[in-house]
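A note on names: the letters A, B, ... follow the listed sequences, proteins ahead of strands, and every chain is numbered from 1.
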2 protein chains.
Amino acid sequence: MQNRNSMNLTDAPDTSGFIQRSNSLSGSVYDAIFAQLMSLKIAPGSRITVDNLVRELNVSQTPIREALGRLEGEGLVVKTHLIGYSAAPQIARRRFDELYQLRLLLEPDSAARAAAAMDKEKLAALQTAAGMMGRREDTDERLRYSTFARQDALFHDKIMEIAGNELIRETLNHQHTHFHIFRLMFHSRVTEEALDEHEALLAAFAAGDAAGAERAMRIHLERSRDRLLPAFE
Amino acid sequence: MQNRNSMNLTDAPDTSGFIQRSNSLSGSVYDAIFAQLMSLKIAPGSRITVDNLVRELNVSQTPIREALGRLEGEGLVVKTHLIGYSAAPQIARRRFDELYQLRLLLEPDSAARAAAAMDKEKLAALQTAAGMMGRREDTDERLRYSTFARQDALFHDKIMEIAGNELIRETLNHQHTHFHIFRLMFHSRVTEEALDEHEALLAAFAAGDAAGAERAMRIHLERSRDRLLPAFE
DNA sequence: CGATATAAAATCCTATAGGATATAGTATTG
DNA sequence: CAATACTATATCCTATAGGATTTTATATCG
């Protein structure tokens, strides 16, 4: 019964045929903690004790410290000397504004570049990513929004990929990691409008209209921002 | 004689009067490795063995792993399972282009915002930061460029600070960390021109000319890019 | 002479143990 | 009853030791 509550840290089934264990233990620990942060199992601002992780993950302290250090480098956890680690605090109003300011500087331009580089198969991939959001089967409101948020991120990321600047893509993905947590905390049901805005974006992409895509992305971001703004009231 | 080559990891003299040791050991180790990366004492792409660090810093493995994990999260080192850590590889041409593309999207806009928010004391602080670069006393070419690079970064950072978007500021600083290493590898002596461009920026700031500051920043960045481009030949 | 196989060294990786510090709870005293 | 001092627990922090894997060197064989 010793492991009754311990997490499963084993790797994914190895389909490649290679024998080597692909992940280091510290890497697996990192994944586990990361997942807990993303799923809000660890709430923003709450403390993260390494002893608890030792018991929960059934691993020694060293790999946990290594993983927590990595998360600290990414800004997802903060460390205070002789106090310990804790999850990064909830995003504040100010940072929220800053984030959308950043997105508005980067993403419309990238949308224009993506439109210019568009071809048939890229467009198809985009439509697929956008189309998956159309499903409205989930009954659980929270779960539904969770999946929408993930797929919206995928859609935007796909555009960044086509735009071709990996650095900008990584930068936005990094920030999105924080943003994702925020959205999950205040999941509002205003997702239908976003789907229409994605449609407008797709139309511009299909037409290869760079200026139109840039405009559509700008409008989409501004509306997205305004939809989430009430969360701070 | 055991410690004849060990680094000094002690904290700065405590002038605040507080008794507590401000930095954790892993934090001091982080600073030490970070400094070695910035000063090119550890070359880009070269391996970083933790055993060597144990001997050099006279510290056990655990805090070193924690620090290396943090550096990995920041992208300054990479880890390969069962191989170990190594310094991030030299910046490639492609990423160089991407970086300047990112800067051109963010910094001119921030320059405009900074110009709009300018006042007497902020301007004075900027002029101080820019003025320090005027000194051309150093005889050692390499050292001179090293100090110029650092102060150029400070000047740009000061502008970002005045612009008011902390997120953008952090993003650029983060990237600059990588960029700094690149510049040190290919220190060219084309710093004089940059000083003139900074003068143009300061003039726009002094006049509170947002559009002018934006234009000046754009020109400065494009020229800076073109000056460094030959490094890839 | 080149290639393969074996052995040794270096290095990574993980676990355990003990000292140091902060936090929480309890008791004592004015 | 409130405030302070003290104790105990929890937690962080660091060091040491040993197993696992890769890399390097050496020797043997074709």
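Qualifying salt bridge (charged side-chain N to carboxylate O under 4.0 Å, His left out) partners for B:R225, counting only residues two or more places apart in sequence or in other chains: none. By the salt bridge (charged side-chain N to carboxylate O under 4.0 Å, His left out) test, A:R113 pairs with A:D109, sequence neighbours left out. In terms of the salt bridge (charged side-chain N to carboxylate O under 4.0 Å, His left out) criterion, A:D51 has no residue partners (sequence neighbours excluded). Applying the ring-ring contact (aromatic ring centres under 6.0 Å, His included) criterion to A:H178, with sequence neighbours excluded, gives A:H174. Not counting sequence neighbours, the partners of A:F34 by the ring-ring contact (aromatic ring centres under 6.0 Å, His included) test are A:Y30. Considering only residues two or more places apart in sequence or on other chains, B:T49 meets the side-chain hydrogen bond (donor to acceptor under 3.5 Å, both in side chains) condition with B:N52. With sequence neighbours excluded, the residues forming a salt bridge (charged side-chain N to carboxylate O under 4.0 Å, His left out) with A:E166 are A:R169, listed by chain and number.
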Give each protein N/O atom lying under 3.5 Å from an N/O atom of nucleotides 9-11 of chain C, with the pair distance.
none

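OP1 or OP2 of D:dC13 lies within a sub-4.0 Å distance of a side-chain N or O belonging to A:H81.
Checked by atom type, the side-chain pair A:Q61/A:E66 shows no donor-acceptor distance below 3.5 Å.
Following rounding to the nearest Å, B:K79 (NZ) and D:dT22 (C1') show an atom-to-atom distance of 15 Å. Here C:dC12 presents its P atom at 9 Å from CG of B:L53, a figure rounded to the nearest Å. Rounded to an integer number of Å, the gap from A:Y85 OH to D:dC13 C1' is 10 Å.
Non-hydrogen atoms lying under 4.0 Å from DNA chain D are contributed by A:Q61, A:R65, all within residues 60-70 of chain A.
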